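Working notes, beginning with the structure itself.
Residue numbering restarts at 1 for every chain, and letters A, B, ... go by the order of the sequence lines. Just so you know, these numbers come straight off a predicted model, no measurement behind them.
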2 protein chains.
Amino acid sequence: MGLTLEDIARQAGVSRSTVSRVVNGQPNVKENVRKRVQKVIQATGYHPNAAARMLVSQRSWTIGLVIPRTVNYFFRDPFFNYLTEGIAQACNQNNYTLAFFLIGNKEDEEKTFPRVSRRGLLDGIILQSGQLGDPLFDRLVASNIPLVIAGRPFHAEGVSYIDVDNVSAAVMAVNHLIGLGYQRIGAISGPFNNIVTQDRRDGYIKALVNANMPIEEALISEGDYTEQGGYHAMQRLLPQKPRAVFAFSDVMAVGAIRAVRDAGLRVPEDVAFIGFDDLPMDSIQSYQLTTIRQPVIQFGMKAVEMLIDLVQNGEKPARRLIMGTELIIRSTCGASLKK
Amino acid sequence: MGLTLEDIARQAGVSRSTVSRVVNGQPNVKENVRKRVQKVIQATGYHPNAAARMLVSQRSWTIGLVIPRTVNYFFRDPFFNYLTEGIAQACNQNNYTLAFFLIGNKEDEEKTFPRVSRRGLLDGIILQSGQLGDPLFDRLVASNIPLVIAGRPFHAEGVSYIDVDNVSAAVMAVNHLIGLGYQRIGAISGPFNNIVTQDRRDGYIKALVNANMPIEEALISEGDYTEQGGYHAMQRLLPQKPRAVFAFSDVMAVGAIRAVRDAGLRVPEDVAFIGFDDLPMDSIQSYQLTTIRQPVIQFGMKAVEMLIDLVQNGEKPARRLIMGTELIIRSTCGASLKK
DNA sequence: GTGAAAGCGCTAACAG
DNA sequence: CTGTTAGCGCTTTCAC
């Protein structure tokens, strides 16, 4: 351990530069010299020192993933597992290292922020955000380091982001229910201070309007993207006698279905359901949920690719990428009953 | 952007050395000079360059978390969320950066391994392992970088690790069932090639032996730490008519309980249950599971602290830390029926 | 207390 | 094609 270019150069009887060229696969090295150097590298198990390389090249080949726990679903929502998976995968493929920053509270933020924004450590940052007024968002934008927001931010001028087309996805979901002939279509939404929630709600309304169906506030029940939340939201919704429900997440759909069954009703015969996410979760599988599939892993990978683009080709103009979704028909929507 | 020590020094009318001392909070700087320098640093928003600091100090203040997906529960098991949370938290507190390596397949491994083991990038590594014959384990040990295994490894000579006392935990679980007077106590285990599984199984057997109860192979049913797996394992176990079951994870317990109910039996009146983990999961909450609580977040934090100890004080002798668990009594064990 | 100077290990002109 | 040289930005002796 502790080998340097110098050591390899000496052993191979060449100069540092030549070894450097070989290490970096550059041309302009005679084949037999290259072979000789490679042999020494092999034999010694030499690896170039990352810090030195970073310093001289002004590139760390590291990107940061910042997850504020205002997005406090980190614990519970497998969304983050898949997002992280996608990001990690893309980092691997592009030979980037992934630095992971989980920011819980204000104190964390103060301690961690300098590391995040310190030059030299990170080539760029992916921020998983979407919460209204996230203070991290402004600080990161101000810190002037290449930045990609995973999820459309509230103030999007000049910032690059990637998002799923939640509005269209919601329209697709509700259209599916409308197409099956259901009249009173309810929604179980997330917290309204959340941009994803707002988009899906917009889509829900848009689909109803397109179909000339009435919008009833009472048919929208606010959940919190947890199973419990879905259960209670459904309990509040039940008196409105919805014939079908669009739940803004599969997890909430499961909770809502439980509430329906506890009330002595059947799914989909009495209340039909469509969810959102389609992450392969153990606890959901048996429900045969009709749902909207988000390409979460792809989403993570694209975020990395966008960030690398920013790093290599400059941050202007800001990049945008909106990803599509897919309707997955299973049994809770009652489509099979109609045939 | 692009400020260097030199710039600050010039603006403050001192030398680089002095600025460096101020930045690093060293003594031997006159108070008024310190103030002056700090003011310039404030005003300019200067941050020292991480790469340069790494290079000269030979310390990256970065640790790597390596998760092989042989441990392919990453997707589905919230255990990793909590472990990661604990690790991230401890990194924050100690001013370390966390680099995250998710290694899926052989190809990933080949691509990523050089980055993991390259000197300069990482001060040390936490490996989440426990799978029999994990090739990463040997490579990492050989790479001679400070290493902590999260979970007791199969070959433990000379390597530092942290683990939960799974044997005692399982004894505690089964003793609880025995104490409630149950006779035929079954187990739903994980895959046998897994060291955690083996330990819990050993504990299960030990408790029965201590109580002079017979060991029946047929009462141990192999699951895979998923809900489905628990369901099917229970279906196979049901003909043995167990009066109580120790499931090696809460998720499997939930699947098993479903199987019991689908068979027209009641929990805990016909079959009592105790699980393992006690991670706060949405989909489990309503079951009121009696279980063994693992301190997963603590576990992650301790792993980081152990690694930092290794980095700072040398890797010899190897460190060991075995953490205790807690019995959480709720309703599935039937304890309340006995009163 | 403070500054000058050396050097961490590497890359990238620039000569030859 | 290959070697020499000059830094990247910082920490750290060592003088003063």
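Nucleic acid contact for A:Asn49: sugar-phosphate only, since backbone atoms but no base atoms lie under 4.0 Å from a heavy atom of the residue.
At whole-Å resolution of the value, CG in A:Leu121 and C1' in D:dG9 are 15 Å apart. Rounded to a whole Å, the CZ atom of A:Arg118 is 15 Å from the P atom of D:dG9. As rounded to whole Å, 17 Å separates atom P of D:dG7 from atom CG of B:Leu55. Summarising the geometry, the separation between CG on A:Asp7 and P on C:dC8 is reported as 11 Å, rounded to the nearest angstrom. Distance CH2 (B:Trp61) to C1' (D:dC10): 15 Å, rounded to an integer number of Å. Summarising the geometry, the separation between NE2 on A:His47 and C1' on C:dC10 is reported as 16 Å, rounded to the nearest angstrom. Between the C1' atom of C:dG1 and the CG atom of B:Asn32 lies a distance of 11 Å, rounded to the nearest Å. The separation between B:Asn28 atom CG and D:dT12 atom C1' is 13 Å, rounded to whole Å.
Remark: B:Ser15 is not in phosphate contact with C:dT2, judged by side-chain N or O atoms under 4.0 Å from OP1 or OP2.
With salt bridges taken as basic N to acidic carboxylate O contacts below 4.0 Å, none links A:Lys111 and A:Glu107.
Each of B:Val141, B:Val148, B:Leu140 was checked for a side chain to side chain contact (heavy atoms under 4.5 Å, CB included) with B:Val159, and the lone residue meeting it is B:Val141. The only member of B:Thr62, B:Ile63, B:Thr97 that meets side chain to side chain contact (heavy atoms under 4.5 Å, CB included) when paired with B:Cys91 is B:Ile63.
Around atom CD of A:Gln42, no more than 12 heavy atoms belonging to other residues, nucleotides or ligands sit under 6.0 Å away.
Under the side-chain hydrogen bond (donor to acceptor under 3.5 Å, both in side chains) criterion, A:Asn92 pairs with B:Asp108, B:Thr112, sequence neighbours left out. Remark: B:Arg319 pairs with B:Asp309 by the salt bridge (charged side-chain N to carboxylate O under 4.0 Å, His left out) rule, at least two apart or across chains. For the side-chain hydrogen bond (donor to acceptor under 3.5 Å, both in side chains) test, no residue two or more places apart in sequence or in another chain qualifies with B:Arg21.
One end of the helix from C:dG1-D:dC16 to C:dG16-D:dC1 points its axis 40° away from the other end's axis, with each axis taken from 5 pairs and the angle rounded to 10°.
Side chains of A:Phe100 and B:Thr84 form a contact here, defined as non-hydrogen atoms less than 4.5 Å apart.
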note = Going 5' to 3' through nucleotides 11-16 of chain C and flagging B where a protein heavy-atom sits under 4.0 Å of the base, S where only the sugar-phosphate is that close, and - otherwise, we get BBB---

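Sorted by first and then second residue, the salt bridge (Lys or Arg N to Asp or Glu O under 4.0 Å) pairs with a member in residues 49-68 of chain B read B:Arg59-B:Asp123; sequence neighbours excluded.
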